[in-house]
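Read the structure below first, then the notes.
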Amino acid sequence: DVQLVESGGGSALAGGSVRLSCAASGYTFNTYSWFRQAPGQEREGVAAIDTGDGSTYYLNSVEGRFTISHDNAKNTLYLQMNSLKPEDTAIYYCAASPWPCSAWTNWLVAGRFPYWGQGTQVTVS
């Protein structure tokens, strides 16, 4: 069965760093992404990566601070989050799609990702 399992969430001080991981199994996906949802807010796309060509896409407010990457050998997705801000506090979700997204104008559309992890909490204060 297809499974995505996030890990690495926790608490950090403003200006600190957190590294999230998402272990995939049951399928080899072309595209991975990270979304987040803060209390009282809608789900928001954070970053995406096309594992075929390595192209990445970021939410403007995290670009330069966050880095998405994928280890093809381990089939594991990562999100390195640096210079954290209180507004980064949210539940972070890993999502995957078998289809490429390099040609999309906006990669961060939740409906394009049929597989999702359970989420991991990140709290910045």
Side-chain angles (χ1 to χ4, degrees):
D1 294 337
V2 171
Q3 188 172 20
L4 301 173
V5 181
E6 300 101 331
S7 61
S11 299
L13 297 175
S17 298
V18 170
R19 180 180 172 91
L20 303 181
S21 299
C22 173
S25 62
Y27 196 82
T28 301
F29 297 99
N30 188 95
T31 307
Y32 288 93
S33 66
W34 290 96
F35 285 74
R36 66 187 182 186
Q37 188 165 20
Q41 303 295 320
E42 295 183 349
R43 184 167 48 184
E44 177 182 50
V46 176
I49 184 169
D50 185 321
T51 62
D53 62 11
S55 298
T56 58
Y57 189 98
Y58 293 95
L59 179 68
N60 286 342
S61 63
V62 310
E63 190 162 12
R65 300 189 297 120
F66 293 7
T67 302
I68 187 172
S69 62
H70 185 261
D71 186 327
N72 291 331
K74 297 180 179 179
N75 201 18
T76 299
L77 179 74
Y78 303 96
L79 184 67
Q80 179 66 46
M81 303 187 291
N82 299 326
S83 302
L84 285 165
K85 303 175 181 180
E87 51 262 45
D88 295 319
T89 296
I91 300 174
Y92 283 72
Y93 298 91
C94 172
S97 171
W99 309 295
C101 62
S102 295
W104 301 349
T105 300
N106 179 12
W107 295 17
L108 302 175
V109 178
R112 292 172 174 168
F113 295 89
Y115 302 102
W116 294 79
Q118 83 287 354
T120 185
Q121 176 72 43
V122 175
T123 302
V124 184
S125 62

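Of all heavy-atom pairs spanning Tyr93 and Gly117, the tightest one is CD2-O, 3.8 Å. Nearest heavy-atom pair, Asn106 versus Val109, reported as atom, atom and distance to 0.1 Å: O-CG2, 3.7 Å. Heavy-atom minimum distance, Ala96 versus Pro114: O-CD, 3.3 Å. Ser25 approaches Asn75 most closely through the heavy-atom pair N-ND2, 4.4 Å. Gln118 and Leu4 make their closest contact through OE1-O, 3.6 Å (heavy atoms, listed as atom of the first residue, atom of the second, distance). The two atoms that bring Val122 and Gly9 nearest to each other are CG2-CA, 4.2 Å, heavy atoms only.
The CG atom of Leu79 sits 11.0 Å away from the CD atom of Glu6 when rounded to the nearest 0.5 Å. Here CG of Leu13 is found 11.5 Å from OG1 of Thr123. Values are rounded to the nearest 0.5 Å. Rounding to the nearest 0.5 Å places CH2 of Trp99 at 11.0 Å from CG of Asn30. One distance of note links OH of Tyr115 with OH of Tyr27; it measures 7.0 Å at 0.5 Å rounding. In this structure, OG1 on Thr67 lies 4.5 Å from OH on Tyr58, to the nearest 0.5 angstrom. Atom-to-atom distance recorded for Ile68:CD1 and Tyr32:OH is 10.5 Å, nearest 0.5 angstrom.
The salt bridge (Lys or Arg N to Asp or Glu O under 4.0 Å) analysis of residues 36-45, with sequence neighbours excluded, yields the pairs Arg36-Glu44, Arg36-Asp88. Identified under the salt bridge (Lys or Arg N to Asp or Glu O under 4.0 Å) test for residues 49-61, with sequence neighbours left out: none.
A single hydrophobic cluster is seen to contain both Leu59 and Val18, as judged by linkage of ILVMFWY side chains at heavy-atom distances under 4.5 Å, directly or through other members.
Proximity of a side-chain donor or acceptor of Thr120 to a complementary backbone N or O of Tyr92 within less than 3.5 Å is not detected. In this structure, the side chain of Thr56 does not engage the main chain of Ala47 through any donor-acceptor pair within 3.5 Å.
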Steps toward side chain to side chain contact (heavy atoms under 4.5 Å, CB included) verdict (Trp34, Leu77): CA-CA 9 Å; Trp34 290 96; Leu77 179 74; 3.2 Å; yes
Audit row: Arg65, Ser83, side chain to side chain contact (heavy atoms under 4.5 Å, CB included) steps and yes/no: CA-CA 6 Å; Arg65 300 189 297 120; Ser83 302; 3.9 Å; yes
Side chain to side chain contact (heavy atoms under 4.5 Å, CB included) between Gln121 and Thr89, worked out: CA-CA 8 Å; Gln121 176 72 43; Thr89 296; 4.0 Å; yes
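Defined by atom type and a distance below 3.5 Å, a donor-acceptor pair is present between the side-chain atoms of Asn82 and Gln80.
Using cut-offs of 30° and 60° on the angle between ring planes, the pair Tyr57 and Trp107 is parallel.
Listed by chain and residue number, Phe35, Ala48, Ala95, Phe113 satisfy the side chain to side chain contact (heavy atoms under 4.5 Å, CB included) test with Ser33 (two or more places apart in sequence, or in another chain).
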